[in-house]
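Accompanying notes for the structure given below.
First listed ligand is number 1; within each ligand, the first listed atom is number 1. This one's a predicted model, so the numbers in the text were calculated from it and none came from an experiment. The basis for the numbers below is simple: all heavy atoms, side chains too, and nothing from hydrogens, waters or symmetry mates.
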Amino acid sequence: MNEQNALEQNKAQADGHLLRFKNQVLGHVIGGEAVVPEGAELFANLSPADNLSLGQVVAGTATDIDQACEAAAQAFEAWRDVPGGERKKILNHLADKITERAEEIALVESVDCGQPIRFMKQAAIRGAANFRFFADKAPEAENGQALYQPDHTNYTMRSPVGPVGIITPWNTPFMLATWKIAPALAAGCTVVHKPAELSPLSAYLLAEIAQEAGLPPGVWNMVNGYGEVVGKRLTEHPAIRAVALVGESVTGSHIMRQGADTLKRVHFELGGKNPVIVFDDADFERALDAVVFMIYSLNGQRCTSSSRLLIQSGIAGDFLQALEARVKNLKVGHPLDPDTEVGPLVHAEHCEKVCRYFDVAEQDGARTVVGGQRRTDLGAGNYVAPTLFVDADNSMRVAREEIFGPVLTAMTFTTETEAVVLANDSDYGLAGYIWTENTGRAMRMARKVEAGMLWVNSENNRNLPSPFGGMKMSGIGRDGGDYSFDFYMETKNVCIAHGTHKVPVLGG
Ligand code: NAD
């Protein structure tokens, strides 16, 4: 099949799946029911590819959230008491259902958020893998430790914290929602999910699949709407015991304030300005591939994107020249085109925000060697040219602020010490990438670079049991494996006397 045919065929298939969203208002899922409140305020969900409407979505209210939280609270005890082995079965069944609908999810997601279909196919499969991984851990989630003393034995057990709020962003909405919701359900928590207003479709498919998979009503609720309204109420609601957010750092600050009165337990996965540090002795070609992939894949709308290139002076000239050629060669296009490497940005406003940095870079004195403009030749969608800034320094806004688009800022360094200083001179601390053939140097760098996750001689490889999260303004807490259960569960210590110790006597 030629490229044009593949695109047309994907479009036709996507249209088939999207028809239902065009024909009926997209509402909430509360207590196992699809809900469109009477007289609800609606907003249009626009496709990044052409800015045409994909349908109307309910802008939920505080009352809608209250209902969802009450449903989650009512369902909690029964779900908590479902044996882990049973939860494992249900969640694995849910994973099967995601796999069955992977193609539909990928097509809908791609049109809804503009991410190229080549990446979204994997995202749906990853979503199923997230469920399987945590499903298999459900039977052991409550297990703790045994801690001995001469006269006492302590043992710990874990129990689900209660109903939780999960708030997700638009950049890879399906995968991120599964990544947060799967461990919550496996732990025995009930969930109210608030997806991003800019990408509501796959969250609806997911909630629908959960009902089909036999999840009891109220265990998984989903409410659409704006962060400042439904997100805010969710983080304030007294029935919600913990809030997991994936989003911007400033949203994390809001949620901390909003949840203060009810002392919410919070878990934040926030923004980043992640350095990729390439030393003179790096494997040139592999480093080049990884540098390009980690900023221009997923439209650069990726929390772990390597948006700051720190390149050692000995290879800087050759590396930047090769990089320039690769960036010029990136294929920007319709997200459903299997050949597309960079698709349209999620929303017109976000696209404008990204484009404003083209002027900022110039004003600050960086040099734009590739891109630096919109791609209006591709139609009415939010297309921008993949962009490379060079001759930058770390004080420039393009080196400090999260742009969240296909935009890379490159700067040079001479010594290892200088690389560490540059890497750490950032408000963020999510991820870092180190390229060197010198093992000792890799280990020294890994110790010194301030980031929750470091990859050495690799792009972003994920291992589900490994901790995922950031330090500084990039987040609080870690996801992955048992780290997720620690967040969604309370640990209780039980101390049992052996009958051998002396109990203090007062008044005797
Ligand atoms: P955002 O913070 O604007 O929105 C995220 C979610 O928070 C949305 O559902 C939004 O409606 C909601 N929200 C907004 N204000 C709220 C409030 N006051 N109370 C409660 N909820 C509120 O983020 P975004 O623009 O959707 O996503 C992009 C950001 O997400 C980037 O900064 C990116 O780095 C970050 N991100 C981080 C990770 C990670 O793992 N660290 C992963 C993906 C994305």
Review point. Relative to the heavy atoms of Gly271, which atoms of ligand 1 are at a distance of less than 4.0 Å?
Key: 32 (O), 34 (O)

Check your understanding: Hey, is Glu349 close enough to Lys353 for a salt bridge, meaning N to O under 4.0 Å?
Key -> no

**Study point:** Subset of ligand 1 atoms that lie under 4.0 Å from at least one heavy atom of Leu430
**Key:** 41 (N)

Check your understanding: Identify the closest protein heavy atom to atom 17 (C) of ligand 1: which residue and atom is it, and at what distance?
Key -> Gly227 O, 3.5 Å

Check your understanding: For ligand 1, which atoms sit closer than 4.0 Å to a heavy atom of Cys303?
Key -> 34 (O), 36 (N), 37 (C), 38 (C), 39 (C), 40 (O), 41 (N), 42 (C), 43 (C), 44 (C)

Study note, to complete from the structure: Rounded to the nearest 0.5 angstrom, the CD1-CZ distance for Ile65 and Arg233 is 9.0 Å

Check your understanding: For ligand 1, is there an N or O atom under 3.5 Å from any N or O atom of Ser474?
Key -> no

Check your understanding: Got the closest protein heavy atom to atom 28 (C) of ligand 1, with its distance?
Key -> Phe404 CE2, 3.5 Å

Point to revise | Side chain, backbone, both or neither: the part of Glu269 lying under 4.0 Å from ligand 1 by heavy atom | key: both

Check your understanding: Salt bridge or not for Lys180 and Glu269, using N-O below 4.0 Å?
Key -> yes

**Study point:** Thr409 and Arg400: side chain donor to acceptor below 3.5 Å
**Key:** no

Study note, to complete from the structure: Counting from 1 in the order shown, the ligand 1 atoms closer than 4.0 Å to a non-hydrogen atom of Leu176 are 43 (C)

Exercise for review: Applying side-chain hydrogen bond (donor to acceptor under 3.5 Å, both in side chains), run through Thr61 and Asp64 and close with a yes or a no.
Suggested key: CA-CA 5 Å; Thr61 61; Asp64 301 342; 3.3 Å; yes

Practice item. Say whether Thr340 and His334, considering side chains only, have a donor N or O and an acceptor N or O under 3.5 Å apart. Key: no

Point to revise | Pick from Arg233, Glu228, Gln258: the one approaching atom 18 (N) of ligand 1 most closely through a non-hydrogen atom | key: Gln258

Point to revise | Within-shell test, Gly252 vs ligand 1, heavy atom, strictly < 4.0 Å | key: no

Check your understanding: Nearest non-hydrogen atom to atom 5 (C) of ligand 1 belongs to which of Thr304, Val246, Asn274, Thr251?
Key -> Val246

**Study point:** Exam field: side chain Asn274 to backbone Ala431, donor-acceptor pair closer than 3.5 Å
**Key:** yes

Review point. Parallel, tilted or perpendicular: which describes the rings of Phe468 and Trp179, with under 30° parallel and over 60° perpendicular?
Key: perpendicular

Exercise for review: Please state which part of Gln301 comes within less than 4.0 Å of ligand 1, counting heavy atoms only: side chain, backbone, both or neither.
Suggested key: neither

Check your understanding: Are any of the side-chain nitrogens in Lys472 or Glu450 under 4.0 Å away from the carboxylate oxygens of its partner?
Key -> yes

Practice item. Quick one: look up the protein heavy atom nearest atom 8 (C) of ligand 1 and list residue, atom name and how far away it is. Key: Thr168 O, 3.4 Å

**Study point:** N/O separation below 3.5 Å, His254 to ligand 1
**Key:** no

Exercise for review: Check each heavy atom of Ile255 against ligand 1 and say whether those closer than 4.0 Å belong to the side chain, the backbone, both or neither.
Suggested key: side chain

Practice item. Record the part of Glu402 in heavy-atom contact with ligand 1 below 4.0 Å; permitted values are side chain, backbone, both and neither. Key: side chain

Point to revise | Residues Asp482 and Lys137 bridged, charged N to O under 4.0 Å | key: no

Review point. Between Asn171 and ligand 1, is there a nitrogen or oxygen pair with a distance under 3.5 Å?
Key: no

Review point. With atoms numbered from 1 as shown, which atoms in ligand 1 lie under 4.0 angstrom from a non-hydrogen atom of Lys194?
Key: 8 (C), 9 (O), 10 (C), 11 (O)

Review point. Tell me: protein heavy atom nearest atom 25 (O) of ligand 1, and distance?
Key: Trp170 NE1, 2.9 Å

Check your understanding: Can you tell me if Thr172 has a non-hydrogen atom under 4.0 Å from ligand 1?
Key -> no

Review point. Quick one: do Glu208 and Arg20 make a salt bridge, cutoff under 4.0 Å?
Key: yes

Revision key, fill the gap. If you scan protein heavy atoms around atom 41 (N) of ligand 1, the nearest is Leu270 O, 2.7 Å

Review point. What about Phe468: any of its N or O atoms under 3.5 Å from an N or O on ligand 1?
Key: no

Check your understanding: Is any N or O atom of Ser249, backbone or side chain, closer than 3.5 Å to an N or O atom of ligand 1?
Key -> no

Point to revise | Atoms of ligand 1 close to Leu245 [distance to a heavy atom under 4.0 angstrom, numbered from 1] | key: 7 (O)

Exercise for review: State the CD1-CG distance between Ile117 and Asp337, to the nearest 0.5 angstrom.
Suggested key: 10.5 Å

Check your understanding: Taking the six-membered ring where the residue is Trp, are the ring centres of Trp170 and His347 under 6.0 Å apart?
Key -> no

Point to revise | ligand 1 atoms in contact with Lys232 (distance to a heavy atom under 4.0 Å) | key: 19 (N), 20 (C)

Review point. Atom 27 (O) of ligand 1: which protein heavy atom is closest, and how many Å away?
Key: Pro169 CB, 3.2 Å

Review point. Does a sphere of radius 6.0 Å around CZ in Phe43 hold more than 12 heavy atoms from other residues, nucleotides or ligands, not counting ones at 6.0 Å or beyond?
Key: yes

Review point. Are the charged groups of Asp359 and Arg397 less than 4.0 angstrom apart, N to O?
Key: no

Check your understanding: Nearest to atom 23 (O) of ligand 1, what protein heavy atom do you find, and at what distance?
Key -> Glu248 N, 3.5 Å

Exercise for review: In plain terms, say whether Arg101 and Glu212 are close enough for a salt bridge, that is, a side-chain N and a carboxylate O under 4.0 Å apart.
Suggested key: yes

Exercise for review: Could you say whether the N/O atoms of Glu197 and ligand 1 ever approach to under 3.5 Å?
Suggested key: yes

Check your understanding: Should the heavy atoms of other residues, nucleotides or ligands under 6.0 Å from CE of Met473 be counted, would the total exceed 12?
Key -> no

Point to revise | Those atoms of ligand 1 less than 4.0 Å from some heavy atom in Pro195 | key: 9 (O)

Check your understanding: Any idea which protein heavy atom is nearest atom 7 (O) of ligand 1, and the distance to it?
Key -> Ile167 CG2, 3.3 Å

